[in-house]
Structure formats: structure tokens, C-alpha cells
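These values consider heavy atoms only, across backbone and side chains, with no hydrogens, waters or symmetry-generated copies.
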Amino acid sequence: MLLIFDIGNTNVKVALFESDKLLQQWRITTDKNRTGDEYFAIINVLFKDYNLDIKQISNVVVSSVVPQLIGAFVIVTQRFLNKEPLIICPDIYHKLPVTIPPTAVHEIGTDLLCDAVEAWETYHQPCIVVDFGTALSFVAVGNKGNILGVAIAPGIGTAIKSLFSNTAQLPSVPLEIPTSSLGINTTMSIQSGIMFGYKGLVESVINQMKADMQKQENINPESVITIATGGLSNVLMPITKIFDKFDKALTLNGLHTIAKYALK
């Protein structure tokens with residue numbers, strides 16, 4: 001079995017694969033102050049609760065956008081397997097089915113790389129993946145599996161939290177589509193601004209990326225597949241038709257695909 005740790009700014013996703021099948025996944029709150037031993041204790045309890053045998057794990061893969069926690073999950077892996085994990089980093093990028101611009105090799109988020117790898121491996125055609133996480137990230141992949149570029153904005157949840165934290169009278173509100181853009185109370189007004197505003201942001205960036213992909217590689221915009229992923233990827237679904245595919249497990253599956261290439 002393959003154990004995967006996808007360390008994000010808000011959550012650590014833990015996933016267990018057997019062959020190509022995703023057996024189980026969990027989310028743990030990301031805490032930079034936790035030690036490797038503390039994370040191991042949490043994960044060990046999850047395994048016991050689901051009657052999973054640690055001894056069946058053959059390899060561990062770690063992807064992290066929180067560099068401070070990589071060491072902690074090296075310790076977790078050592079506790080599980082008594083060996084080092086495969087860490088997604090530039091050392092293995094030459095083995096992957098996508099190529100990265102030289103200027104971005106040491107900068108691209110490993111979560112976005114996983115998204116690009118899985119999208120290309122699945123569809124083998126130009127695509128744009130939009131990852132709705134703590135950040136709202138767009139990654140464009142060209143005709144030959146080449147990553148053409150990335151766009152990043154604050155995530156929807158991040159925007160709501162920022163508004164609530166930095167204003168005296170505006171409350172935190174649920175991420176729901178209001179019945180109208182014409183807010184008649186504070187909650188509805190914030191939902192209107194955030195939800196319809198992000199609908200416009202997402203659609204505008206995707207359309208601009210398609211236009212730039214056409215300029216750069218003569219890619220027909222109509223041939224570009226648009227894929228939504230991430231924890232909040234379903235939030236805008238009722239009010240936009242910009243996406244062709246919805247795949248919440250894209251990043252985890254991308255990590256699994258990367259492991260197949262890198263562990264050969």
C-alpha cells in the first residue's frame with residue numbers, strides 16, 4: 001500500500017492507496033507547532049480505528065506547501081517504515097510526464113504540480129486546473145504536457161476570513177449562494193459580493209488563460225478542458241458553467257501518479 005501526505009496550509013490530507021484504488025482518506029488540521037511524534041500519534045489512531053495494518057504500507061510520499069512540516073513527516077515515515085519518504089521536489093521532476101518552465105522549477109507549489117500531472121495523465125490534452133484551497137490557484141497545461149503558467153488569488157474562504165477579521169461590524173457568513181445579488185441584509189450582501197465576485201474572477205482568469213494559450217501555442221480555446229478541484233471546489237458550481245470536470249480527489253490521485261513515475 002502507498003501512504004500519501006498532502007500537507008496544505010489549512011489541512012494535511014492523509015490518503016492510503018492499494019494499487020490504483022484510493023482506500024481511505026482523512027484530513028488533519030495543519031499545525032506548524034506539532035512534532036512528528038504528535039502527527040504520528042494522530043495518524044496511528046486513525047489507522048487503528050479503521051483496522052488498517054501499518055505493516056502493509058510499502059512506501060510513503062510527501063507533498064508539502066508548508067516547508068516547516070516536511071521534517072515532521074519524515075519522522076512520521078520513519079516511525080511507520082523505518083525509511084525515508086519520497087518527497088515531491090525538483091530532484092524528481094525529470095521523471096514526470098509534464099515539464100515545468102525553468103524559472104518555476106524551484107517555485108511551483110507541489111500541489112499544483114500534482115494537479116497538472118493528474119490532469120495531463122487523465123486527458124492528454126490542454127487543460128486548466130482550478131484548485132479551490134486556502135489560495136485559489138489556476139495552472140495551465142499545454143499541448144505536450146508542458147506547464148504554461150499559473151495564476152494565484154486569495155481563496156474564497158481566505159477572503160471571507162479576511163473581511164471578518166479586518167472589519168469591526170461585518171460578521172463571518174456561510175459560503176452560500178444568495179438568492180439575489182441585491183443584498184437586503186449584511187449576510188446576504190457579503191455573500192453576494194464574495195460569491196458573484198469570485199464567479200467573475202474565476203471565469204475571467206480562465207478565459208484570459210485560454211486566450212493566452214491560443215497566442216502562445218495556437219491552442220484552440222474550445223479544446224481546453226477546465227477542471228475544478230480542492231476543498232471548496234463545489235461552492236460556485238450552482239452559478240457557473242465554466243468547468244467541464246469536477247474532481248475533488250485530483251491532487252491526491254496526482255500524488256499517486258507521481259509516485260508511480262518516481263519510484264520506478
K.L.:
Would you sort out whether L201 and L136 count as a side-chain contact (heavy atoms from CB on, under 4.5 Å), showing the intermediate values?
P.N.:
CA-CA 10 Å; L201 187 159; L136 176 65; 3.7 Å; yes

K.L.:
Quick one: CD on E107 to CG on L112, what's the gap to the nearest 0.5 Å?
P.N.:
12.5 Å

K.L.:
Identify whether L252 and V117 are in the same connected component of the hydrophobic contact network (ILVMFWY, side-chain heavy atoms under 4.5 Å).
P.N.:
yes

K.L.:
Are I54 and I42 grouped together when hydrophobic residues (ILVMFWY) are joined by side-chain heavy atoms under 4.5 angstrom apart?
P.N.:
yes

K.L.:
Quick check: closest heavy atoms across I128 and K210, and the distance to 0.1 Å?
P.N.:
CD1-CG, 3.9 Å

K.L.:
May I ask you to check whether over 12 heavy atoms, not counting those of E222, lie within 6.0 Å of atom CD?
P.N.:
no

K.L.:
Is there any ring pair (Phe, Tyr, Trp, His ring centres under 6.0 Å) pair reaching into residues 97-121, and which pairs are they, with sequence neighbours excluded?
P.N.:
W120-H124

K.L.:
F17 vs H256 aromatic rings, parallel, tilted or perpendicular, using cut-offs 30° and 60°?
P.N.:
parallel

K.L.:
For R79, give me all partners under salt bridge (charged side-chain N to carboxylate O under 4.0 Å, His left out), at least two apart in sequence or on another chain.
P.N.:
D37

K.L.:
So F47 and F80, ring-ring contact (aromatic ring centres under 6.0 Å, His included) or not? Walk me through it.
P.N.:
CA-CA 11 Å; F47 268 65; F80 273 117; 5.5 Å; yes

K.L.:
Using side-chain contact (heavy atoms from CB on, under 4.5 Å), reason through I43 and I28 one step at a time and then give a plain yes or no.
P.N.:
CA-CA 9 Å; I43 295 161; I28 302 170; 3.7 Å; yes

K.L.:
Begin with the C-alpha distance, continue with both residues' side-chain angles, and end with the deciding distance and a verdict on side chain to side chain donor-acceptor pair (under 3.5 Å) for N146 and E217.
P.N.:
CA-CA 11 Å; N146 48 321; E217 289 204 335; 2.6 Å; yes

K.L.:
Answer whether the closest heavy-atom distance between the side chains of L16 and I4 falls below 4.5 Å.
P.N.:
no

K.L.:
Considering only heavy atoms from C-beta outward, does the side chain of V202 approach that of L236 to under 4.5 Å?
P.N.:
yes

K.L.:
Return the CG to CD1 distance between L113 and I88, rounded to the nearest 0.5 Å.
P.N.:
7.5 Å

K.L.:
Counting C-beta onward and ignoring hydrogens, is there a side-chain heavy-atom pair between V61 and F5 closer than 4.5 Å?
P.N.:
no

K.L.:
Grouping I, L, V, M, F, W and Y whenever their side-chain heavy atoms are under 4.5 Å apart, do I57 and I75 come out in a common cluster?
P.N.:
no

K.L.:
Above 12 or not: heavy atoms from other molecules or residues under 6.0 Å from CG of N82?
P.N.:
no

K.L.:
Can you tell me how far the OG atom of S233 sits from the CD1 atom of I227, to the nearest 0.5 Å?
P.N.:
12.0 Å

K.L.:
NZ of K32 to CD of Q68: how many Å apart, nearest 0.5 Å?
P.N.:
5.0 Å

K.L.:
I need the minimum non-hydrogen distance between R34 and T29, along with the two atoms involved.
P.N.:
NH1-O, 2.9 Å

K.L.:
For K21, is there any backbone N or O sitting under 3.5 Å from a side-chain donor or acceptor partner on S19?
P.N.:
no

K.L.:
Is the closest side-chain heavy-atom distance between Q191 and I177 below 4.5 Å?
P.N.:
no

K.L.:
Output the rest of the hydrophobic cluster of M188: all Ile, Leu, Val, Met, Phe, Trp and Tyr residues reachable through side-chain heavy-atom contacts under 4.5 Å, sorted by chain and number.
P.N.:
I184

K.L.:
Kindly assign one of parallel, tilted or perpendicular to the pair Y39 and F73, based on the angle between their ring planes and the thresholds 30° and 60°.
P.N.:
tilted

K.L.:
Determine whether M195 and V235 satisfy the following criterion, side-chain contact (heavy atoms from CB on, under 4.5 Å), listing intermediate values before the conclusion.
P.N.:
CA-CA 8 Å; M195 298 312 226; V235 169; 3.0 Å; yes

K.L.:
Would you say K248 and F132 make side-chain contact, with heavy atoms under 4.5 Å?
P.N.:
no

K.L.:
Ignoring hydrogens, what is the shortest heavy-atom contact between V60 and T77? Give both atom names and the distance.
P.N.:
CG1-OG1, 3.4 Å

K.L.:
Before you tell me yes or no, could you show the steps for C127 and T226 under side-chain contact (heavy atoms from CB on, under 4.5 Å), namely the whole-Å CA-CA distance, both residues' side-chain angles and the distance that decides it to 0.1 Å?
P.N.:
CA-CA 6 Å; C127 56; T226 52; over 6 Å; no

K.L.:
Please determine whether residues V65 and I100 belong to a single hydrophobic cluster, defined as Ile, Leu, Val, Met, Phe, Trp and Tyr linked transitively by side-chain heavy-atom distances below 4.5 Å.
P.N.:
no

K.L.:
Could you go through residues 151-167 and list every donor-acceptor pair under 3.5 Å that involves a side-chain atom there, pairing it with any protein atom two or more places apart or in another chain?
P.N.:
from : atom 1 : to   : atom 2 : distance (Å)
T158 : OG1    : T134 : O      : 2.5
S162 : OG     : N166 : ND2    : 3.4
S165 : OG     : K161 : O      : 2.8
N166 : ND2    : S162 : O      : 2.8
T167 : OG1    : L163 : O      : 2.5

K.L.:
Could you tell me which residues satisfy salt bridge (charged side-chain N to carboxylate O under 4.0 Å, His left out) with E176, sequence neighbours excluded, listed by chain and number?
P.N.:
none

K.L.:
Do I242 and I225 sit in the same hydrophobic cluster, where Ile, Leu, Val, Met, Phe, Trp and Tyr count as joined when their side-chain heavy atoms come under 4.5 Å apart?
P.N.:
no

K.L.:
Looking at side-chain heavy atoms only, is the closest gap between L2 and N59 below 4.5 Å?
P.N.:
yes

K.L.:
With heavy-atom distances below 4.5 Å as the criterion, would you say the side chains of F138 and I206 are in contact?
P.N.:
yes

K.L.:
By side-chain hydrogen bond (donor to acceptor under 3.5 Å, both in side chains), which residues pair with Q25, not counting sequence neighbours?
P.N.:
none

K.L.:
Checking side chain to side chain donor-acceptor pair (under 3.5 Å) for the pair E203/Y198: CA distance, chi angles, key distance, verdict?
P.N.:
CA-CA 8 Å; E203 292 176 351; Y198 268 83; over 6 Å; no

K.L.:
Test E118 against T257 for side chain to side chain donor-acceptor pair (under 3.5 Å), laying out the working first.
P.N.:
CA-CA 7 Å; E118 189 61 21; T257 297; 2.5 Å; yes

K.L.:
How far apart are the closest heavy atoms of S181 and S192, and which atoms are they?
P.N.:
O-OG, 2.7 Å

K.L.:
Apply the test side chain to side chain donor-acceptor pair (under 3.5 Å) to residues D115 and T251: give CA-CA distance (whole Å), side-chain angles for both, the deciding distance (0.1 Å), then the verdict.
P.N.:
CA-CA 5 Å; D115 291 342; T251 310; 2.6 Å; yes

K.L.:
Please name the pair of heavy atoms, one in V62 and one in P85, separated by the smallest distance, quoted to 0.1 Å.
P.N.:
CG2-CB, 3.9 Å

K.L.:
Hey, are the side chains of K83 and Q78 touching, using non-hydrogen atoms and a 4.5 Å cut-off?
P.N.:
no

K.L.:
Are any side-chain N or O atoms of N44 and backbone N or O atoms of F40, one a donor and one an acceptor, separated by less than 3.5 Å?
P.N.:
no

K.L.:
Measuring from D131:CG to S137:OG, what's the distance to the nearest 0.5 Å?
P.N.:
6.0 Å

K.L.:
In Å and rounded to the nearest 0.5 Å, what is the NZ to CG distance from K55 to L81?
P.N.:
12.5 Å

K.L.:
Tell me the closest heavy-atom pair linking L250 and A119, and the distance in Å.
P.N.:
CD1-N, 4.2 Å

